[in-house]
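A short write-up of the structure that comes next.
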Amino acid sequence: MHGATKRDWGDQIAVETARAREAAQEEAEKARQAEEAAAQAAMAQALFGPLTAEDAHEGKAAVLASTAMIASGRAMLMRMLPEAQALARLAEVYVRLMDRQAKANSFETTPLEILLAARFDPEMMSARFALTPESKYDDPDYELKSLYWKQWRIETEAHRDEVMDARREAAQARREMREAKEALEALKASIAS
């Protein structure tokens, strides 16, 4: 700065110092935010612990309730009472959600139209409970579907046995009726002669 006065020189130093202080404060704020994020991540890891990939993916209310209760206990041990209370309330919400889901998926709440269709529409049931060779390996409902077909076979065989027994009884009744008619005719013929 050629030709600058002491005042200009002082102002320039003050501006540069202010800029440097501002840049240092921004860097410190970024570092503080990064440390805070790392601390929150560490706290979340400490509270919630590792979840299995299946549990994290499923997101089932039971798993979430259990995780929230465990986290609440860990928060209490770490003397983080507000977080512990909030997590305990969250666990209660998940337990109520489980109850609602159980009620929503119950037999009593299934619409009657669906029950009626399921009872009298064998094609619908066959399609819904269809099994393929790959089902055993990639169908999560394989066990239920297998149980359905096993029960279906048992009921079908029992029904067939009942029909066969009824037919045998009907045939026996017809034979006895013929024999009774023949005996009656023979008795009538012997009386008439």
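For clarity, every value in this text was computed on a predicted model and none was experimentally measured.
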Exercise for the section: With rounding to the nearest 0.5 Å, note down the distance linking CZ in R175 to CD in E182. Expected result: 12.5 Å
Exercise for the section: For T17 and I13, indicate whether the former's side chain and the latter's backbone hold a donor-acceptor pair under 3.5 Å. Expected result: yes
Exercise for the section: Count the heavy atoms of every other residue, nucleotide or ligand shown that sit under 6.0 Å from CZ of R32, and state whether that count exceeds 12. Expected result: yes
Name each donor-acceptor pair under 3.5 Å that joins a side chain in residues 142-153 to protein atoms two or more places apart or in another chain, with its distance.
residue : atom : partner : partner atom : Å
K145    : NZ   : D139    : OD2          : 2.8
S146    : OG   : Y142    : O            : 3.0
W149    : NE1  : F129    : O            : 2.5

Problem - Spacing of R160 atom CZ and M164 atom CE [to the nearest 0.5 Å] - result: 8.5 Å
Practice task
State whether a side-chain donor-acceptor pair under 3.5 Å links Q25 with E29.
Solution key: no
Practice task
Considering only Ile, Leu, Val, Met, Phe, Trp and Tyr, and joining two whenever side-chain heavy atoms are under 4.5 Å apart, list the other residues clustered with V163.
Solution key: none
Review item, side-chain donor-acceptor pairs of residues 87-95, under 3.5 Å, at least two apart:
none

Handout entry: Gap between atom CZ of R174 and atom NZ of K181 - 0.5 Å precision
Key = 12.0 Å
Practice task
Under the side chain to side chain contact (heavy atoms under 4.5 Å, CB included) rule, what do E155 and H159 come out as? Steps first, then yes or no, please.
Solution key: CA-CA 6 Å; E155 288 177 11; H159 178 70; over 6 Å; no
Problem - Side-chain donor/acceptor of S126 to backbone N/O of E123, under 3.5 Å - result: no
Exercise for the section: Answer with yes or no whether the hydrophobic clustering places M69 together with M78; edges join I, L, V, M, F, W, Y residues whose side-chain heavy atoms lie under 4.5 Å apart. Expected result: no
